[in-house]
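Residue numbers begin at 1 in each chain, while the letters A, B, ... track the order of the sequences.
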There are 2 protein chains.
Amino acid sequence: MRITVLAGGIGAARFLRGLLAHLHATVPGAEVTVVGNTGDDITLFGLHVSPDLDTVMYTLGGGIHPDQGWGRADETRAVQDELGAYGEPPDWFALGDKDIATHLVRTRMLREGATLSEATAALCARWQPGVTLLPMTDDPVTTRVDIEDPNGVLRTVHFQEYWVRLHAEPAALKIRFEGAEESRPAPGVLTAIAEADVIVFPPSNPVVSVGAILAVPGIRSAVAAATAPVVGVSPIIGGAPVRGMADKVLAAIGVETSAAAVALHYGPDLLDGWLVDTADAAAAETVAAAGIASRAVPLRMTDVDATAAMAAAALELVRRPEQ
Amino acid sequence: MRITVLAGGIGAARFLRGLLAHLHATVPGAEVTVVGNTGDDITLFGLHVSPDLDTVMYTLGGGIHPDQGWGRADETRAVQDELGAYGEPPDWFALGDKDIATHLVRTRMLREGATLSEATAALCARWQPGVTLLPMTDDPVTTRVDIEDPNGVLRTVHFQEYWVRLHAEPAALKIRFEGAEESRPAPGVLTAIAEADVIVFPPSNPVVSVGAILAVPGIRSAVAAATAPVVGVSPIIGGAPVRGMADKVLAAIGVETSAAAVALHYGPDLLDGWLVDTADAAAAETVAAAGIASRAVPLRMTDVDATAAMAAAALELVRRPEQ
């Protein structure tokens, strides 16, 4: 069984941990390919940082900081403290020492001519995440957010600045995937979609995570054309994001923050199934009426077992009789 | 009073600390320009490391590790341990976390188009070393050593590999300053030499430190043509290097490891004065016979006071009546 997952950061990583636990217990030999969002990538202190790829890699590889959900466990901050002493901005994006080693390896490889795919594979050779982790593209794509600053001036900021520094407080007027139009899917991405037995949208941000991946030309049409069923897990429960600030960026694309609205935003051309939380049972009916199979189950990823049950329910929702 | 010093790493840094103490006590307003060796520079983990510039900067700025004489005090090693976990070579060159911040700032600036001079000035803005620290050149110059490996095969290695990894154990057959012929003195270097009131060769390695600086076209002739007297402090005491392994590289250029031989290697066209240790009183006579003023004084840099006395003796040795 081949499963291809379009993944953002923390939500996707935690979902994947549950999915792997479920597969490990029930489907021996299942192969999972993760297509990771790189629109959040940012250059800090000259280092190429890939937050979403690293969150998936660290989480599945056992290196993640368990409470914060990003960065490394048992982390120190000597380098960044020292960069601060040099007056090096920014100070709003935390890079731990262990994490910096990851970025040094990636940055060195990229400078030496490797692709982001190759750098990701080299890093994963250590972490053994149990999935094939692919960046959505090896080309530079940068998610930017148009905002109005407190003085009423329109500004465009890097997504990380909007998310981490500004805490998504200014209204997002527009989300741009800079460079996306000229980008190509990374090697293996289209094949993983075309040859999948199931395609999964985990509970990731539909705009800046899954949306960024779908913005790479060829990926959306590959998902729409895939023979495999596509099942999504709602990142919205009871009208609010499970975590993060997805409501802020949903507003920018004119989509209501609700489990049903996100499913309809993806639409039946992409989705075959959509899992909503038990708090959103009415949404399941709305979604089903649009031609997308839907079911309400508990969607809180409180632990690996609960998440494995979610993953099982997602796969079950789109299971075909012949399988 | 303007003093220009051609400096290597630890020996020069410690001498400079004494020189500044002496000047602070006796010559208000004295200005010291340090022309630092960059032939030892090396790219490690994608970072541009300038060992000699940093040793001078950290020592005079109060950040040096007091015992080892290089690197930062109170240092940790989280990043390099983690790089090791990724299997990143090399493991023979120690980079602490605080030190890595320095290299990150420098590397980022260089990648953004700054010169090494500009990066050095930016780093010194924090450390306030009390001298103007200039790299010998902004162009890439790399000191390489030809050796015969244990299997009798001729190899050329980076100076750091020879010095740090191989502990200078293989005989050095030849020292090469790769790139030196095409290099130009960094901005300010020739002026600092031409306008100096005194030029000092501190007790640095005459081959790979001062020798590398003199290999940048224009610097040797500027020193030879300078109106200021040039005074050197022997890095050799009693036939052995005060520290380091200068004997290994002196052999490569056919110079005996003695206080007199090093002075004669520089020669009277460069040197006006040469300070030797009290253990080398006979050498002072040999050197004087060659037309270079010489005097034997204690040259062990046991503390700042002893070093200040050495610096005072060096300046005194070439003091002109009119000054």
Check whether Ala125(B) gets within reach of chain A through its side chain, its backbone, both or neither, counting any heavy atom under 4.5 Å. neither

Listing needed: what donor-acceptor pairs below 3.5 Å join chain B with chain A?
| from | atom 1 | to | atom 2 | distance (Å) |
| --- | --- | --- | --- | --- |
| Arg72(B) | NH1 | Glu82(A) | OE2 | 2.5 |
| Arg72(B) | NH2 | Glu82(A) | OE2 | 3.4 |
| Glu82(B) | OE2 | Arg72(A) | NH1 | 2.5 |
| Glu82(B) | OE2 | Arg72(A) | NH2 | 3.4 |
| Glu82(B) | OE2 | Arg126(A) | NH1 | 2.6 |
| Glu82(B) | OE2 | Arg126(A) | NH2 | 2.8 |
| Tyr86(B) | OH | Thr102(A) | OG1 | 2.7 |
| Tyr86(B) | OH | Trp127(A) | NE1 | 2.8 |
| Glu88(B) | OE1 | Arg108(A) | NE | 2.7 |
| Glu88(B) | OE1 | Arg108(A) | NH2 | 3.1 |
| Glu88(B) | OE2 | Arg108(A) | NH2 | 2.6 |
| Thr102(B) | OG1 | Tyr86(A) | OH | 2.6 |
| Arg108(B) | NE | Glu88(A) | OE1 | 2.8 |
| Arg108(B) | NH2 | Glu88(A) | OE1 | 3.2 |
| Arg108(B) | NH2 | Glu88(A) | OE2 | 2.6 |
| Arg126(B) | NH1 | Glu82(A) | OE2 | 2.6 |
| Arg126(B) | NH2 | Glu82(A) | OE2 | 2.8 |
| Trp127(B) | NE1 | Tyr86(A) | OH | 2.8 |

Scored by heavy-atom pairs under 4.5 Å with chain A, the best of Ala122(B), Gly46(B), Ala101(B) is Ala101(B)

Name the region of Leu47(A), side chain, backbone, both or neither, that has any atom closer than 4.5 Å to a heavy atom of chain B. side chain

